[in-house]
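When reading the values below, keep in mind they use all heavy atoms of this one structure, side chains included, and skip hydrogens, waters and symmetry mates.
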Amino acid sequence: MITCASRSPHERLTRADPPCTDPMLPAFAPWRSDYRATWLRNALVAGVTLAAYAIPVSLAYATLAGLPPQHGVYGYLAGGLAYALFGSSRQLAIGPTSAISLLVGTSVAGMTAGAPGAAIAVAARVALVAAVICFAAWALRLSSLVSFISETVLTGFKAGAALTIAMTQLPKLFGVRGGGDDFFERAATLAAQLPGTNAAVLAFGMAAIALLVYGERRLPSRPIALLVVVASILALTFTPLTNSGFATVGLLPAGLPAFNWPSLRSSDIDGVETLALACVLLAYIEGVSAARAIAQRHGDTIEPRQELFALGAANLAVSAFQGYPVAGGLSQSAVNDKAGAQSPLALVVASVAIGACLMFLTGLLRNLPEVVLAAIVLVAVKGLFDVKALREIWTLSRAEFATAMVAFAGVLVLGILKGVLLAAIVSMLLLVRATAFPHVARLGRVPGTRRYSDAERNADNLAVPGVLIVRVEAALLYFNADHVRERVLQHIAAAGDGLKVLVWDLSSSPHVDIAGVRMIAGLAQDLAQRGIALRIVDARASVRETLRKIAGRDWGDIDRRL
């Protein structure tokens, strides 16, 4: 049997095959079916380019996570290899991201009282629990459920995360100690310490930011971050700047990470599961969004459920090699794509290149200034604060803008972990609210036709004398039945005493539960006592069957269309 995952992205768009079936087992390297040997050269170039981008960025993100810098590199090394075995995207790059790094850093620090060794173990355990959650969600086919956070709420969350992340890095930029547990406390502490700014560190950091921004705009496919890192190391090694109060990364341990499987005893995961769930929500939404954006540019497609398994595999591998939760990010994926990647083989090449650097080149990073890592993070997270998207939301819907601001404020006030959970709750509440208070339209005939549409939105529509036609634009469920009944009664009252027939169009109600049927039946009895007949039209087969089975009456013209 042909499945979605076993077809190539191009085939899924163009071949006249039977509909895709949901596979019982994950596809192994789904991209291999149409791999071409001519793509190897591009994979080599893209892989080396991605490694050059990933090393300085992952060093910076690891400091956000409160871990030694090399543990960020381990995420790219192990996560990329595992994703290449199961991922359905050709260009998605897997590694640490800024939001997840801060999420891990702020949460794990409270669990371990700042002990570095304990933080490493807990962060790896979070990755393992995240992998278990991904595999469970894959088995239960929950790939659509975990993406319920709306784009509006996610935009507000990202903006809040950008400011929160920036506030953790600004003390390094100014060369001061910083401090504080939340955004506002960190801001107050930084303001108090500004008189002690190290001018040399600040100037160096601003120069690094300027070069990074210039490279991002003018040379988007070049590893500018690596060049800035190399230049900063040379500057501190061969000039007197090393005596100007620069904090440096120091000597990193050489060699590949050791295999160290974290334990999953019940006492070990207490408090970890909530953090892992938040990481999965962020990682899956961010990864699938990035994969879809790039796939659309190439005329490809991805398999969301397969991506859930691949994300689990990546985090499983990372947890075994002392990393922390990883995801597919848009920035690193864009670098991979622009460098010419045509399959996940580029991730394998990147992992090999990163492994070689860990074995032979770590000594060169000893004089890497921390202010450069802060500059890399600050430039990377500026894209999270999407002013254009926020302005567009404000223009289109003030209500949705308000929900975006709830997520934004939630991150600043409550922190990243509670902020992402608040964002998920807000998204769910929006969905419930839309279903609980559906629009009940009064229909009128479109002039010159036999079609009917919402009379409130089309003032020229013609009313049918003695007839009121209503349509509920949602399923009829137990928690919206009272609202729908109230709105229908309002339309009946507005129709006046000449009303003889109420026509209920159920074409927009894909499901009617027991409470919905009983509400309709009760309304029919009340209307009959007032001499008004109720007619159900354009109901779906399953709805007609439910109406007849539960109401226990003949609905007459139930099958007739308007």
Atom pairs and distances, side-chain donor-acceptor, residues 511-523, under 3.5 Å, sequence neighbours left out:
{"residue": "Asp513", "atom": "OD1", "partner": "Ala515", "partner atom": "N", "Å": "3.2"}
{"residue": "Asp513", "atom": "OD1", "partner": "Gly516", "partner atom": "N", "Å": "2.8"}
{"residue": "Asp513", "atom": "OD2", "partner": "Tyr478", "partner atom": "N", "Å": "2.8"}

Exercise answer: donor-acceptor pairs, residues 307-315 side-chain atoms, under 3.5 Å, sequence neighbours excluded:
{"residue": "Glu307", "atom": "OE1", "partner": "Tyr83", "partner atom": "OH", "Å": "2.8"}
{"residue": "Glu307", "atom": "OE2", "partner": "Tyr83", "partner atom": "OH", "Å": "2.9"}
{"residue": "Glu307", "atom": "OE2", "partner": "Ser88", "partner atom": "N", "Å": "2.8"}
{"residue": "Glu307", "atom": "OE2", "partner": "Ser88", "partner atom": "OG", "Å": "2.8"}
{"residue": "Glu307", "atom": "OE2", "partner": "Ser89", "partner atom": "N", "Å": "3.4"}
{"residue": "Asn315", "atom": "OD1", "partner": "Val326", "partner atom": "N", "Å": "3.0"}
{"residue": "Asn315", "atom": "ND2", "partner": "Leu311", "partner atom": "O", "Å": "3.0"}

Residue among Leu476, Leu477, Asn480 satisfying side chain to side chain contact (heavy atoms under 4.5 Å, CB included) with Pro438
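Passing option: Asn480.
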Counterpart residues, side-chain contact (heavy atoms from CB on, under 4.5 Å), relative to Leu429 (two or more places apart):
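If we apply the side-chain contact (heavy atoms from CB on, under 4.5 Å) test to Leu429, skipping adjacent residues, the hits are Ile425.
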Can you pull out every salt bridge (charged side-chain N to carboxylate O under 4.0 Å, His left out) where at least one residue sits in residues 400-423? Sequence neighbours excluded, please.
none
Tell me whether the NZ or CZ atom of Arg471 lies within the 45° cone about the ring axis of Trp504 and under 6.0 Å from its centre.
no
Below 4.0 angstrom, N of the basic side chain to O of the carboxylate: do Arg90 and Asp300 qualify?
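Yes, Arg90 and Asp300 are salt-bridged.
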Could you check whether Arg297 pairs with Asp337 (Lys NZ or Arg NE/NH1/NH2 to Asp/Glu carboxylate O, under 4.0 Å)?
yes
Within residues 378-404 or reaching into it, pairs that qualify as ring pair (Phe, Tyr, Trp, His ring centres under 6.0 Å) - sequence neighbours excluded
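Pairs touching residues 378-404 that pass the test: Trp394-Phe401.
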Any side-chain donor paired with an acceptor under 3.5 Å for Ser101 and Tyr324?
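Yes, a side-chain donor-acceptor pair sits under 3.5 Å.
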Decide yes or no on salt bridge (charged side-chain N to carboxylate O under 4.0 Å, His left out) for Asp526 and Arg485, but give the supporting numbers first.
CA-CA 12 Å; Asp526 293 344; Arg485 176 185 172 87; 2.8 Å; yes
Sorted by chain and residue number, the salt bridge (charged side-chain N to carboxylate O under 4.0 Å, His left out) partners of Glu216 (sequence neighbours excluded) come out as Lys382
